[in-house]
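Since the structure comes first, as structure tokens, the remarks are kept for the end.
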Amino acid sequence: MKPRLNVVLVASAGLLLAAASICVQRAGAVKTNCFPELKQNEDPGRERCEQRKCEYEGQQSDNSPSCLWTRSGYIVSSVAENTNTQYSAVVTRQQDYNGPFPGSRDLDELRFSVKAISDNGLRITISDLGGVRYQVPKEALNIPEPGPTNPDATVYRWEANTSSSLLDVYQKTHPDQAIMSLLKTGFVFSDQFIQLSLGLDCQNIVGFGEHNHERLVHDRRYKRWSIFTRDASPTGPGNIYGAHPYFVCTDAGKHMSVLLKNSNAIEVELTPDGIVYRVLGGILDFYVFMASSPESLAQTYSAAIGHPLMPPYWSLGFQLCRWGYRNITEVQNVIARNRAIGLPYDAQYGDIDYMQNTMDFTIDATNYPGLSSMVDDLHSHGQKYFVILDPAISSDEEMHKQVLPSQRYEPYHDGLARGVYVKNLDDTVHEGEVWPGRTVFPDYTLSATQAWWERWVSDFYYNQSIRVDGLWIDMNEPASFTYEPHKPQNFCPNNTWNYPPYIPTSFIGDRFYEKTICMETKHNWGRHYDVHSLYGHSMGMQSYQTLRNLFPEKRPIVFSRSTFVGSGRYAQHWLGDNHSRWPDLHWSIITMLEFNLFGFPYNGADICGFVYDATREMCIRWTQLGAFYPFSRNHNIKEADGVRTRDQDPASWDAEAQKIMKDALFFRYKYLPYLYTLFHYAHTNGATVVRSLAHEFPNDTAAVRIDEQFLWGSAMLISPVLSPAKLSIQAYLPPEDGWYDAYTGEEVQETGFVMLDAPLEHINVHIRKGFILPWQTPSTTTVSSRQNGLGLLVAAKQLPSSNLKATGSLFWDDGESFETYTAKKFILHEFELSTDETSGNHVLVIRTPFNGYKDPNSLKFENITILGFDTSKDWSVSVNSEQHSGIRVNPNRKTLILDSLSLPLGQSHSITFAVRSAGTAVASVIAVAICALLSTAVTGNNRWSLAILN
């Protein structure tokens, strides 16, 4: 059946809601709430409002606050430097001006500075003039400041100390309106409460994390989000695992992003006119970036915080995990049954089940005997093995005596001897509670902890012979169960760190220290109150360095649940404990896109959901979607609400479901060379791997709001089914370039909002005109896939005068060695299809700008498929100046296929397509007709699948 494709004239309700939420008008000053401690729409009343010297407007229908901060009490009292690349001034508080919380001392004098740090970046800081306040250590995040190439080269300018603003920042392409203003109204700087409003002249705000956002573009109707790492599932609007105080704002050619470099607890309130920041410590340290497009902005930010890791090739394969494998036999059965159905499958995980009483670096000898042999068996089949490690170390010595053969837990005692644990104010070791019971917490900001952690990872690998291929670090917000809601209210001491004057109303939990350790505890980098959100970041740094030291030739791979700005240089991220609910499919796309902006292109959600049972249809649809997550892993919990959950690995379902899941994963494996090349560009220049349509079509107002579809790079558009009982979907195909169906090769005739057929066995994928995608015949592991022949899918773009155009590239190396790019041990191919203006011949060139690697499998390009080719003509094809006869055409699809090629990887090649003379065309016309008849006979009423024919 031919795919149904109808133009949709009206956007879906969801898209209209998204549009409505961001269609705002710039209306002057940002409305700043004078009672931030009250929840949205909670009215303090006129009397309380006026007692704070604020202006009472009463309750509003637009969610705006009823009591407004209209005063400004800080003035610029002296200017030390004022050039177009540097500004420095003293800002002084007026004596009758106070913050809203008497328990937080207001600072009298502040240092305010602005600095041009590059052509497209500036830094703005506001700090205590006379004292020393906590700042994010350079060891955690060091943003380079090379300065502009010359004073006039910046893409921005600023004006300081205007009547209403401390600073106005302009993008030079829009010189008449400041894109961002630091407003004087409502500005407060006290010990534990800092408030600043940014006025913004751009509408579409994306970012801030980590949260569960239900739309990619933010709702700006006074919506609040808190940023403070927390052990909480991504099921509501609260703060969860990571801390990323970074946003992107775009609108009509304006492209700006802003990072607040601060690891204290933060709340942002998004308003129609800007953003209100409320920060519970440290300083204000803003980095502002501007660029010509969202994608170039992402690259600019990545260069500032550090480009992400290059993942090993095998890690792009499909992976399996479960919390709740009761014994090693269950794990072995899962491995065997998924191998038996021929599932593409590269890695298996061990959750805390493998441990003795959930203690790091131990093995449950009763339930997991022979774990080492199982891991060796995985390796013999070209598969890998991850283990989970939590930061919390068991400190219950009585339990150790009962369950450990030696009656002594050596990692704990070794850590005590080295002094690596987080301490209380009196220098005793701080204790909490995690899976093993009583626990202590390593201070990963100490250099001594690095040596301790490395010792025990090494012991596990060498002495216990568990040859792990990567580390999965969890519970590192850090999580502690001691302070859950049902526990005593005052477990942590009653001081200003555990009970600060202001706790954001958008926080998860009633207490500041909910589900974590006490805030006054001490780390090398500072008080836990200040460095809490850096805990997972520092653990990721040391875990990365551990693998680098133990296996210097290999690329380290570490998954971290908790992350901070710049963590992507050291660790990857999965999206946490999602639920097996239909809305989670959509939300996973949003978070996946956000983490590409945050510098974590290798990320993905637990396929089929972690908590509760997925239905058959849901797991099929989720596997289709998850086949396009950069990190593709099926993972679920052992039980929910006291009931054991079902197995959800692909082989646990019926034969039809297995086939559908396998088809989706084989499609992924086929295009892994393309995906791997995208990761190369992410690693070397900060490009996103998965990106929103807005990154490729920034001037398309409809594309900017799409968050139910996404792109692999520039060329592959994925449009999944995200709701139950759907056999068709509404999708948006940007009309700028045109598209081909990735399975049939058929050119899409209609663009814009369209309806696409989506039977259960199908996920819609389209290839953008003008691009060339490398592919490889897939197998059940990446090890075996990498031994198969290569091919190219050429999605030709038709230019005037019948000219054709398409470009692409391929990065290839051994897939696992450390920094092959800097070591120059790689192959880079560039592909280009063009038309010779004189002869009218089409030419496909495979260039080799660099070749420093010899693949052991002697790979060759064996097939090239060109979509959008004029098959009405009779073409003569020469490959490297020699005639080639292995040609197939499908005139109905305008597709030309070159078979039986043997073009060695790492060498340059040229293929020329010339129209034959009329005298030699008759036989070819007959051959074309026969080929068309054979194609019809083979495919019948089914879609012609390029994935099969290729």
Side-chain angles (χ1 to χ4, degrees), residues 35-40 42 100-104 134 190-195 210-212 224-243 245 262-269 278-282 390-392 422-426 428 430-435 437-441 475-523 526-536 561-562 576-577:
F35 277 81
E37 69 269 33
L38 300 182
K39 295 181 179 179
Q40 189 177 55
E42 189 174 350
F101 305 111
S104 185
Y134 167 78
S190 65
D191 278 337
Q192 291 182 267
F193 181 81
I194 305 170
Q195 179 174 270
E210 182 175 4
H211 312 106
N212 183 44
R224 300 186 199 180
W225 299 97
S226 51
I227 301 172
F228 191 67
T229 61
R230 185 75 91 209
D231 170 19
S233 296
T235 57
N239 50 308
I240 56 174
Y241 314 113
N262 184 299
S263 60
N264 289 88
I266 298 169
E267 179 180 63
V268 292
E269 182 172 359
R278 301 183 184 98
V279 186
L280 275 61
D390 293 338
V422 174
K423 293 181 173 58
N424 296 310
L425 290 179
D426 62 1
T428 58
H430 182 74
E431 281 194 316
E433 177 188 345
V434 194
W435 303 120
R438 284 170 44 208
T439 54
V440 293
F441 298 84
M475 307 293 287
N476 56 346
E477 292 73 31
S480 178
F481 306 153
T482 314
Y483 319 116
E484 291 184 320
H486 64 279
K487 299 295 176 65
Q489 283 291 318
N490 297 313
F491 189 94
C492 286
N494 187 1
N495 56 42
T496 191
W497 312 116
N498 293 312
Y499 297 90
Y502 177 70
I503 298 177
T505 59
S506 53
F507 253 39
I508 289 179
D510 296 327
R511 284 167 286 176
F512 193 58
Y513 52 86
E514 185 111 343
K515 294 190 75 173
T516 191
I517 64 179
C518 295
M519 293 294 150
E520 79 283 358
T521 54
K522 298 189 298 183
H523 302 249
R527 187 184 289 108
H528 191 77
Y529 179 89
D530 297 314
V531 303
H532 168 84
S533 291
L534 292 173
Y535 192 90
R561 190 169 76 172
S562 185
D577 299 345

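One-based numbering along the sequence shown.
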Over all atoms of both residues, closest heavy-atom pair of [X] and [Y]:
| X | Y | answer |
| --- | --- | --- |
| G281 | I194 | O-CD1, 3.9 Å |
| V531 | Y134 | CG1-OH, 3.6 Å |
| I240 | N212 | CD1-N, 4.4 Å |
| I503 | D510 | CD1-O, 4.5 Å |
| R224 | P36 | NH1-O, 2.7 Å |

Give, for atom [atom1] of [X] and atom [atom2] of [Y], the distance between the pair rounded to the nearest 0.5 Å.
| X | Y | atom1 | atom2 | answer |
| --- | --- | --- | --- | --- |
| M519 | C492 | CE | SG | 7.5 Å |
| S226 | E269 | OG | CD | 12.5 Å |
| H211 | I508 | NE2 | CD1 | 9.0 Å |

Whether R527 and E520 form a salt bridge (side-chain N of Lys/Arg under 4.0 Å from carboxylate O of Asp/Glu) is what I want to check. no

Closer than 4.0 angstrom, basic N to acidic O: yes or no for E477 and R561? yes

Return yes if some donor-acceptor pair links the side-chain N/O of [X] with the main-chain N/O of [Y] below 3.5 Å, else return no.
| X | Y | value |
| --- | --- | --- |
| Y241 | A232 | yes |
| N476 | P478 | no |
| N424 | T521 | no |
| S533 | A243 | no |
| E37 | T505 | no |
| K515 | S480 | no |
| R230 | E514 | yes |

Does a side-chain heavy-atom distance below 4.5 Å link [X] with [Y]?
| X | Y | answer |
| --- | --- | --- |
| F101 | S190 | no |
| R278 | I266 | no |
| I517 | H430 | yes |
| F193 | P500 | no |
| V268 | P245 | no |

Is the closest side-chain donor-acceptor distance between [X] and [Y] under 3.5 Å?
| X | Y | result |
| --- | --- | --- |
| S263 | H532 | no |
| Q192 | T496 | yes |
| E267 | S506 | yes |

Please evaluate residues F441 and H523 with respect to the criterion side chain to side chain contact (heavy atoms under 4.5 Å, CB included), reporting the C-alpha separation (whole Å), side-chain torsions for both, the decisive distance (0.1 Å), and the verdict. CA-CA 10 Å; F441 298 84; H523 302 249; over 6 Å; no

Could you walk me through whether D231 and M475 pass the side chain to side chain contact (heavy atoms under 4.5 Å, CB included) check? CA-CA 7 Å; D231 170 19; M475 307 293 287; 4.0 Å; yes

Output, in order, the C-alpha distance, side-chain angles, deciding distance and verdict of side chain to side chain contact (heavy atoms under 4.5 Å, CB included) for N494 and Y499. CA-CA 7 Å; N494 187 1; Y499 297 90; 3.5 Å; yes

Taking the six-membered ring for Trp, are the ring centroids of Y513 and W497 within less than 6.0 Å of each other? no

Among Y535, Y529, F507, which residue meets the ring pair (Phe, Tyr, Trp, His ring centres under 6.0 Å) test with F228? F507

